[in-house]
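Each ligand, and each atom within it, is numbered from 1 in the order the structure gives.
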Amino acid sequence: MGVILSAEELNVYYGSIHAVKDVSFEVNEGEVVTLIGANGAGKSTTLNTIAGLLRSRTGCVRFMGEDLSHVPSHKIVAKGMALVPEGRRVFLQMSVQENLEMGAYTKSSGGIPADLEMVFEQFPRLKERRRQVAGTLSGGEQQMLAMGRALMSHPKLLMLDEPSMGLAPILVEQIFDIIQSLHKAGTTILLVEQNAQMALSVADRGYVLETGKVVTTGPSAELLASPAIKKAYLGG
Ligand code: ATP
């Protein structure tokens with residue numbers, strides 16, 4: 001299992017605010033890795049830096065061995081990285097199927113029907129609702145749609161920013177079941193979550209961020225068992 005992504009000594013600023021401080025981590029092919037931490041810990045900033053939407057002042061992001069420092073974000077997608085941003089951001093006026101087809105923009109049209117079937121297999125709910133306008137979907141369904149749209153580009157790395165946000169517990173379970181099954185199917189996933197319990201239950205390894213810094217890292221089982229992590233992130 002080789003390293004597919006490495007973040008090396010990232011330092012990201014918003015003006016004078018130092019939001020991400022010397023953050024380094026790796027994701028191996030086929031792994032689910034989670035970045036957990038409280039509000040404002042720098043999780044989204046880190047993810048957006050990986051995707052090229054923000055730039056680090058130091059270090060670099062290496063994807064499949066290539067330094068992405070000077071690669072624009074639209075080219076990063078074509079290299080096989082897909083980001084499902086916080087808040088889903090599906091195209092509300094378009095149907096479910098049209099949204100999914102938008103995700104396939106890097107591919108020739110010949111493959112789209114097969115890709116749609118692949119996504120519908122993962123998300124049967126979307127198949128039932130393929131002609132429904134996305135704006136009328138529930139929050140959980142919109143999250144599924146955003147994930148399905150990302151999968152349409154066959155990403156080598158799928159990045160999910162807080163997929164559980166704003167969802168009822170039952171939907172959170174469903175979303176994490178799907179993450180689990182994508183993991184089993186071999187998808188490499190970088191998952192950002194405030195819901196540490198759920199994130200660590202599906203991830204192989206985790207990194208804990210506090211005020212912009214990685215403070216702990218380890219296999220998920222180890223983090224779940226750690227008294228300090230339990231106290232700070234798992235409600236006891
Ligand atoms: P959340 O779970 O609340 O999204 P997070 O861990 O993803 O938290 P970030 O959104 O990465 O945290 O924010 C890290 C820090 O950077 C915070 O202190 C935040 O206030 C600050 N920050 C984020 N975006 C901006 C911005 N556009 N301008 C200025 N500061 C920002």
Side-chain angles (χ1 to χ4, degrees), residues 5-27 32-61 63 68-69 72-74 76-77 81-90 139-140 142-144 146-147 150 155 157-169 171-173 175-176 179 189-203 205-218 220 223-224 226 228-235:
L5 176 78
S6 62
E8 300 170 11
E9 298 285 314
L10 303 182
N11 280 285
V12 188
Y13 294 76
Y14 297 101
S16 61
I17 298 171
H18 192 179
V20 166
K21 301 168 188 158
D22 291 324
V23 165
S24 298
F25 63 90
E26 283 181 350
V27 180
V32 175
V33 170
T34 186
L35 307 181
I36 56 175
N39 257 323
K43 306 180 300 296
S44 299
T45 304
T46 302
L47 215 52
N48 290 334
T49 305
I50 302 289
L53 301 168
L54 293 168
R55 295 287 166 181
S56 177
R57 278 200 198 166
T58 59
C60 73
V61 173
F63 183 53
L68 297 183
S69 303
S73 61
H74 65 278
I76 292 178
V77 176
M81 227 190 243
L83 170 66
V84 179
E86 200 172 305
R88 334 336 163 192
R89 304 204 203 129
V90 296
Q142 285 187 18
Q143 180 64 45
M144 291 177 198
M147 288 166 68
L157 175 70
L158 177 64
M159 298 193 288
L160 304 173
D161 195 351
E162 306 248 5
S164 77
M165 184 146 87
L167 300 184
L171 288 174
V172 172
E173 298 247 351
I175 293 296
F176 278 90
I179 294 172
I189 299 174
L190 178 59
L191 168 67
V192 155
E193 259 300 339
Q194 269 192 58
N195 189 334
Q197 179 79 53
M198 292 301 280
L200 291 171
S201 73
V202 295
R205 294 187 299 113
Y207 292 82
V208 182
L209 282 176
E210 269 175 27
T211 58
K213 283 191 181 148
V214 174
V215 292
T216 315
T217 178
S220 296
L223 296 178
L224 279 167
S226 144
I229 302 289
K230 273 192 190 161
K231 188 154 181 280
Y233 300 102
L234 305 172

- Item | With E210 via salt bridge (Lys or Arg N to Asp or Glu O under 4.0 Å) - residues at least two apart |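 Partners of E210 by the salt bridge (Lys or Arg N to Asp or Glu O under 4.0 Å) criterion come out as none, since no residue qualifies.
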- Who's touching ligand 1 if we go heavy atoms under 4.0 Å?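 Its neighbours under 4.0 Å (heavy atoms only) are Y14, I17, A19, A38, N39, G40, A41, G42, K43, S44, T45, E86, E162, Q194, given by chain and number.
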Side-chain donor-acceptor pairs under 3.5 Å in residues 194-201, sequence neighbours left out?
residue: Q194; atom: NE2; partner: N39; partner atom: OD1; Å: 3.2
residue: N195; atom: OD1; partner: M198; partner atom: N; Å: 3.1
residue: S201; atom: OG; partner: M198; partner atom: O; Å: 2.6

- Task: State whether the side chain of T46 and the backbone N or O of V20 hold a donor-acceptor pair below 3.5 Å, judged by distance alone.
- Result: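 Here the side-chain-to-backbone pair does not exist.
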- Does the S56 side chain pair with the main chain of G59, one donor and one acceptor, at a distance under 3.5 Å? no
- Task: Report the residues that fulfil side-chain contact (heavy atoms from CB on, under 4.5 Å) with P72, sequence neighbours left out, ordered by chain and then residue number.
- Result: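 Only H74, K75 meet the side-chain contact (heavy atoms from CB on, under 4.5 Å) criterion with P72.
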- Among V33, D161, L160, which residue meets the side chain to side chain contact (heavy atoms under 4.5 Å, CB included) test with L191?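 The option that passes is L160.
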